[in-house]
There are 4 protein chains.
Amino acid sequence: MATVDAIHMATIQVLAAEGLALCTTTRVAERAGVSVGSLYQYYPNRRSLLAAVLGRHLDHVAVAVEQACITQRRKPIADMAHELVHAFLGAKLEHPSASKALYAVAEEHGGTILVAHAKERMQKAVASMLDTATDARFDDLNTASLLTMSAMIGPAQALLEDDASAKFADVLRAHLCTLIQAYLRAISLLVRTGKSTE
Amino acid sequence: MATVDAIHMATIQVLAAEGLALCTTTRVAERAGVSVGSLYQYYPNRRSLLAAVLGRHLDHVAVAVEQACITQRRKPIADMAHELVHAFLGAKLEHPSASKALYAVAEEHGGTILVAHAKERMQKAVASMLDTATDARFDDLNTASLLTMSAMIGPAQALLEDDASAKFADVLRAHLCTLIQAYLRAISLLVRTGKSTE
Amino acid sequence: MATVDAIHMATIQVLAAEGLALCTTTRVAERAGVSVGSLYQYYPNRRSLLAAVLGRHLDHVAVAVEQACITQRRKPIADMAHELVHAFLGAKLEHPSASKALYAVAEEHGGTILVAHAKERMQKAVASMLDTATDARFDDLNTASLLTMSAMIGPAQALLEDDASAKFADVLRAHLCTLIQAYLRAISLLVRTGKSTE
Amino acid sequence: MATVDAIHMATIQVLAAEGLALCTTTRVAERAGVSVGSLYQYYPNRRSLLAAVLGRHLDHVAVAVEQACITQRRKPIADMAHELVHAFLGAKLEHPSASKALYAVAEEHGGTILVAHAKERMQKAVASMLDTATDARFDDLNTASLLTMSAMIGPAQALLEDDASAKFADVLRAHLCTLIQAYLRAISLLVRTGKSTE
DNA sequence: CATGAATGAGTCTTCATTCAT
DNA sequence: GATGAATGAAGACTCATTCAT
């Protein structure tokens, strides 16, 4: 629906431009070019609007991660790390302003739950993928996937904060790949007791 | 001053108990056992109060990191990673409810700047430390320290979210050490190609 | 028209279920299974809808009273009182939820007038009836009929309030008959000085 | 408190002048010469304000009735009826506009309960009084008192409606006395089978 | 200095009403 | 005629901030 989409976009714009506190229903409606009444025709209250916008964003990222995890099954660790990092950062940075704006929403009551759900989805996907690695084995998939996901969040935020040059972004991305690869290799070593000639 | 401290504590308590939106000046004053008027004697407005509380927390963490970085100068990478992780998590988890409550404040206009400053301080401290590592050399200290710090943030958040068992916390902490160590080793390797006689 | 009736019934139902404040045009239309637009085809505004429903109810009661008054002409006081009470309560309690729900409407601007009209109609009918009593004469028919009608309203309300047992309702009804009879006899006595030669 | 009283009075005035629907918190505050904020300092919401005003009025009437009932203990029925009617009408008509205005409030959710409580209080007082009548005995005090009270409500309303001449009011009052007396005598007769020397 | 009653701009939300389809 | 999305005025309520005591 045109109205719903307009409201959705307007919410992100206002959020990015004014912040969560000033992201009022009136302002969103104004920005969307509709009346407040219309906004309430589609969302029962401010919270649900914010939740919907956050949910859509989180879903977008989660789907990207899940797909990457599926395509990288039965691949070596290095490939997995590389694709995971790129899928995650790619989705997160696709709409930088939206991503940035939504951090505040994620903190509100209700947002926390959505974020937790998304994290869980992604963690499960990562765990499933790691379990099929051709060159490593993990005894504690849970912790491995949790740390893998968690470790990407901070750098992603850093990338979002300073709209640095694309070049710096590439460097960071490369380092994050290295970081995840190194981590996975480190903890898998602990397990792979008898890796033939190693 | 007793009053100031009371207000400070009250702010954190209300923040933790009710959330940012319900953390009103009246409620804080009530909780602190003083009048709103008194609160305004010490803070010109709500924002400055919130900023002060956030600032203090960030400073606490930054100082912990800086001290760890100083004590670990001229040590091997492994020690550095270990101490850094423990100093950072230790400070962050010292008052879990406060840390959690302040995430929302960090997102507000004004909070972002404080957070950026704290990050910068810690990044610089880490960079200075890394530069003195006895068993590694880094060509891009900036990126190395940025990623090191960033990579700790996500796991710290994860630890804060679920008040999991102390056992799981220890596992996570250990993994985070491994992660940072592995990363630093990985990127230092890239540089010391033929470090031969050093 | 089916639509009009549906709206009528829906209004009473919503009124009874949600109260006057929550009896919105949208809700009524929904309940009636028609669109708001259709509702406005038949009633120019919310007020007229409410007035129509109230009016119909009042008319129902007034007609019942008027008919009873006509059938009881040239009867003794006791019969008059008995029939009047039963006609009035019968009509009022026929749809208890509707009667109860409409009290609120009667208070709104506009409702007052309708109620006044209905009262007047009934009072006139009672006065006409009383004037033909075979065993009494009244010098102030106006006051007599006014008080007769008024005195029935309170008990009717009481009967409506607590959905008491049918037994208690019967007791109340009987007492109300006694009350009206006693009153009429009392004031007619004041007049009929010399029953003898009349 | 001056502010509270001002709000109280303003509420009644607005209620009388504009009706319940237009009796908004803003308008009341305006009329009272205070800000909306002040209103909410003393009443948590509109409903509680309305309830407080209604409650005060009902209490006033109930107290008047209760006192009359106490002073008329051990008196003949005629005196009881007379004093009861005068106490009730006197209290109800003391502030006619307030009484009239509050009818609408009594219908709102919450008002009903207050009214029921007041009715109960008065009914009990009446029952206690009737039980001490020197010239009558009642087997069903409950019904007797309920009907006595109920029968006064309608006429009181009638008196409130048309601000008729004081003369007409007196006539009505006298008739109401007669009505209550006649009723009480009628139902007590049913009981006093063999009142010896009477 | 402390107090806390008073302020009123600004929120969210509802709902009678309209009108293009 | 029927529909129901869109409108926007208006209401309840909150809360940062001030200032007389």
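Protein chains get the first letters and strands the later ones, always in sequence-line order, with residue 1 at the start of each.
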Distance-only check: which donor-acceptor pairs under 3.5 Å involve side-chain atoms of residues 17-27 of chain D, not counting sequence neighbours?
unit_1, atom_1, unit_2, atom_2, d
D:Thr24, OG1, D:Arg27, N, 3.1
D:Arg27, NE, D:Leu22, O, 2.8

Sequence neighbours excluded, every pair satisfying side chain to side chain donor-acceptor pair (under 3.5 Å) that has a member inside residues 29-41 of chain D: D:Gln13-D:Arg31, D:Ser35-D:Ser38

To the nearest 0.5 Å, what is the distance between OG on A:Ser99 and NE2 on A:His95? 8.0 Å

By side chain to side chain donor-acceptor pair (under 3.5 Å) - contacts of A:Arg47 (at least two apart): none

When you compare the side chain of A:His8 with that of A:Leu49, does any pair of heavy atoms fall below 4.5 Å? no

Under 4.0 angstrom between B:Ser35 side-chain N/O and E:dG4 OP1 or OP2: no

Let me check I have this right: for DNA chain F, each base becomes ., (, ), [, ] or |, based on Watson-Crick or G-U pairs with both distances under 3.5 Å. What is the full string? .||||||||||||||||||||

With sequence neighbours left out, write down each residue that passes side chain to side chain contact (heavy atoms under 4.5 Å, CB included) with C:Ser48, or none if nothing qualifies. C:Tyr43, C:Pro44, C:Asn45

In this structure, CG of B:Leu102 is separated from CD1 of B:Ile12 (nearest 0.5 Å) by 6.0 Å

Which nucleotide sits closest to the side chain of C:Val36: F:dA5, F:dG8, E:dG8? F:dA5

Side-chain N or O of D:Gln41 closer than 4.0 Å to phosphate OP1/OP2 of E:dG4: no

Within residues 2-25 of chain D, find the residues that approach DNA chain F with a heavy atom at under 4.0 Å, and present them sorted by residue number. D:Thr24, D:Thr25

Value for NZ (D:Lys100) from NZ (D:Lys92), rounded to nearest 0.5 Å, stands at 13.0 Å

List in numerical order all residues of residues 44-51 of chain B for which some heavy atom is under 4.0 Å away from an atom belonging to DNA chain F. B:Asn45, B:Arg46

C:Arg27 side chain N/O closer than 4.0 Å to the phosphate oxygens (OP1, OP2) of E:dT14? no

In whole angstroms, the gap separating C1' of E:dT11 from CD of A:Glu108 amounts to 14 Å

Inter-residue atom distance B:Leu39.CG - B:Thr3.OG1, 0.5 Å rounding: 10.0 Å

Whole-Å distance separating the OH atom of D:Tyr40 from the C1' atom of E:dT11: 13 Å

Name the closest nucleotide to the B:Val34 side chain, picking from E:dT3, F:dA16, E:dT17. E:dT3

Residue set satisfying salt bridge (Lys or Arg N to Asp or Glu O under 4.0 Å) with A:Glu108, at least two apart, ordered chain then number -> A:Arg46

With a cut-off of less than 4.0 Å, is there a side-chain N or O of D:Tyr42 near OP1 or OP2 of E:dA6? yes

Keeping to residues at least two apart or across chains, list the salt bridge (charged side-chain N to carboxylate O under 4.0 Å, His left out) pairs with something in residues 1-14 of chain C. C:Asp5-C:Arg56

Which atom pairs link the protein and nucleotides 19-21 of chain F when you take only N or O atoms and keep those under 3.5 Å?
none

Minimum-distance nucleotide (side-chain atoms of C:Ser38 versus E:dT11, E:dT14, F:dT3): F:dT3

Quick one: C:Leu39 CG to E:dA16 C1', roughly how many Å, whole number? 11 Å

Residues in side chain to side chain contact (heavy atoms under 4.5 Å, CB included) contact with C:Leu114, at least two apart in sequence or another chain: C:Ala51, C:Leu54, C:Leu58

Which part of the nucleic acid does D:Tyr43 contact within heavy-atom distance under 4.0 Å: base, sugar-phosphate only, or nothing? nothing

Could you work out, with side chain to side chain donor-acceptor pair (under 3.5 Å) as the rule, every residue matching B:Glu94, not counting sequence neighbours? B:His60

Would you say the side chain of C:Ile153 lies within less than 4.5 Å of the side chain of D:Ile153, judging by non-hydrogen atoms? no

